[in-house]
Amino acid sequence: MSDDTKEEYEVGYDKPPKATRFKKGRSGNPNGRPKGAKGVNASLKRELETKITVREGSHEIRISKAEAIAKRLTAGALNGDTKLLMALLKLDTDLFNTRDMDAQESVRAVEPDAVDYEILRDFFSSHPDGDGRPDDQEANDVSS
């Protein structure tokens, strides 16, 4: 190479040889993701948006699969399934979130009302043992 036609180029950190650099107009990843290919999230979203027919009582309705899952999840939680209830709470933390309340509302959400204290005071005064059963019922348990 003569110094007349090409200038000297120092190869090193952040300075790759000119022959190995990306060529103008060519992709750096020619075998990359095809244009029509979508990710897993897009496929899942598309699948959850498809409509299905569901029987509610005596009539059938068309709802998305996501709505059907939500209905099933809430129905199970309302029927007492604690696993479904916990899953529902994890999905929507805003349902039982007290951060948006002002200070007075959040204290009221945690602190019992005066009526609650009266009920507890009445309960413990009528049942000195605190187990909720009258004394004559405890005597029956001991004799059995």
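Listed by chain and number, the residues in a side chain to side chain contact (heavy atoms under 4.5 Å, CB included) with S43 are R46 (sequence neighbours excluded). For E49, there are no side-chain hydrogen bond (donor to acceptor under 3.5 Å, both in side chains) partners two or more places apart in sequence or in a different chain. For K45, there are no side-chain hydrogen bond (donor to acceptor under 3.5 Å, both in side chains) partners at least two apart in sequence or on another chain. With sequence neighbours excluded, the residues satisfying side chain to side chain contact (heavy atoms under 4.5 Å, CB included) with L48 are L44, K65, A66, I69. By the side-chain hydrogen bond (donor to acceptor under 3.5 Å, both in side chains) test, S64 pairs with E67, sequence neighbours left out. Partners of T53 by side chain to side chain contact (heavy atoms under 4.5 Å, CB included), not counting sequence neighbours, listed by chain and number: E60, R62. Qualifying salt bridge (charged side-chain N to carboxylate O under 4.0 Å, His left out) partners for E56, counting only residues two or more places apart in sequence or in other chains: K71. Under the side chain to side chain contact (heavy atoms under 4.5 Å, CB included) criterion, L120 pairs with F124, sequence neighbours left out. Looking at residues two or more places apart in sequence or on another chain, you find no side-chain hydrogen bond (donor to acceptor under 3.5 Å, both in side chains) involving R121.
Among residue pairs with one or both ends in residues 72-85, none qualify as side-chain hydrogen bond (donor to acceptor under 3.5 Å, both in side chains); sequence neighbours excluded.
Apart from Y13 itself, the hydrophobic cluster it occupies contains nothing, where clustering links Ile, Leu, Val, Met, Phe, Trp and Tyr at side-chain heavy-atom distances under 4.5 Å. The other members of the hydrophobic cluster of I63, by chain and number, are I52, V54, I61 (side-chain heavy atoms under 4.5 Å, ILVMFWY only).
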